[in-house]
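Shown next, in structure tokens, is the structure this report addresses.
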Amino acid sequence: QVQLVESGGRLVQAGDSLRLSCAASGRSFSRYHMGWFRRAPGKEREFVAALSRNGGITSYADSVKGRFTISRDNAKNTVYLQMNSLKPEDTAVYYCAASNQPIVGVSSDRYNYWGQGTQVTVSS
């Protein structure tokens, strides 16, 4: 089992950059694929980015491709989401999630463990 705690969310202006962190506790962090999802006000939770357990495979939502980068440091049990050129439509609660499925995926039902979320607000 793994526990996840996100941090780094705050109020920023459009065009700014922000890095979210997700610290994992528990055993065998390197055995989990990791993902970031977000939920905007009044909307369903949506996929943002995913990273395989060894860091070799990444996947991004079209809406963030080229602006966001997911990475991990298995020695620190931490996954990051670097967000550049932020837009007001990126405003949401961002969640990190861990998956022990064989293949890294973009669907939330493939993820077993979730953090509590961190709020990102982008003003225009």
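Because the structure is a prediction, the values reported are computed rather than measured. Side chains are part of it too, since the values below use all heavy atoms of this structure and drop only hydrogens, waters and symmetry mates.
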Measuring from [X]:[atom1] to [Y]:[atom2], what's the distance to the nearest 0.5 Å?
X    : Y    : atom1 : atom2 : value
E6   : C96  : CD    : SG    : 4.0 Å
F47  : W36  : CZ    : CH2   : 13.0 Å
S123 : L86  : OG    : CG    : 10.5 Å
S108 : Y95  : OG    : OH    : 12.0 Å
Q1   : N112 : CD    : CG    : 10.0 Å
R45  : R38  : CZ    : CZ    : 13.5 Å

Please report the shortest heavy-atom distance between S124 and P88, naming the atom on each side.
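Smallest heavy-atom distance, with atoms named: CB-CG, 3.8 Å.
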Looking at every heavy atom in both T118 and G8, which two are closest together, and how far apart are they?
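Scanning both residues completely, I find the closest heavy atoms to be OG1-N, 4.1 Å.
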Pairing residues for S7 by the side-chain contact (heavy atoms from CB on, under 4.5 Å) criterion, not counting sequence neighbours
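By the side-chain contact (heavy atoms from CB on, under 4.5 Å) rule, S7 matches S21.
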Please answer whether the main-chain N or O of [Y] pairs with a side-chain N or O of [X] as donor and acceptor at a distance below 3.5 Å.
X    : Y    : result
H33  : Q101 : yes
Y111 : G105 : yes
T121 : T91  : no

Lys/Arg N to Asp/Glu carboxylate O, K87 vs D90, below 4.0 Å
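Salt bridge flag = no for D90 with K87.
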Output a table of donor-acceptor pairs, distance under 3.5 Å, between side-chain atoms of residues 13-20 and any protein atom two or more places apart or on a different chain; print 'none' if there are none.
from, atom 1, to, atom 2, distance (Å)
D16, OD2, Q13, N, 3.0
S17, OG, N84, OD1, 2.9

Report, as yes or no, whether the 6.0 Å neighbourhood of atom CZ on R31 holds more than 12 heavy atoms from other residues, nucleotides or ligands.
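Check fails, neighbour count at 12 or below.
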Applying the 4.5 Å side-chain criterion to the ILVMFWY set and letting contacts propagate, would [X] and [Y] be lumped into a single cluster?
X    : Y    : answer
V93  : W114 : yes
F37  : I57  : yes
V120 : V48  : yes
V2   : V104 : no
Y80  : L4   : no

Validation row: Y94, C22 side chains within 4.5 angstrom (heavy atoms)
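In short, these two side chains do not touch, never coming nearer than 4.5 Å.
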Taking it one step at a time, do M83 and V12 satisfy side-chain contact (heavy atoms from CB on, under 4.5 Å)?
CA-CA 11 Å; M83 304 186 293; V12 296; over 6 Å; no
Pairs under 3.5 angstrom only: tabulate donor-acceptor contacts from the side chains of residues 68-79 to other protein residues two or more places apart or in another chain.
from, atom 1, to, atom 2, distance (Å)
R72, NE, N74, OD1, 2.7
R72, NH1, Y32, O, 2.8
R72, NH1, S52, O, 3.0
R72, NH2, F29, O, 3.1
R72, NH2, Y32, O, 3.0
R72, NH2, N74, OD1, 3.3
D73, OD1, A75, N, 3.0
D73, OD1, K76, N, 3.3
N74, ND2, R53, O, 3.4
T78, OG1, K76, O, 2.8

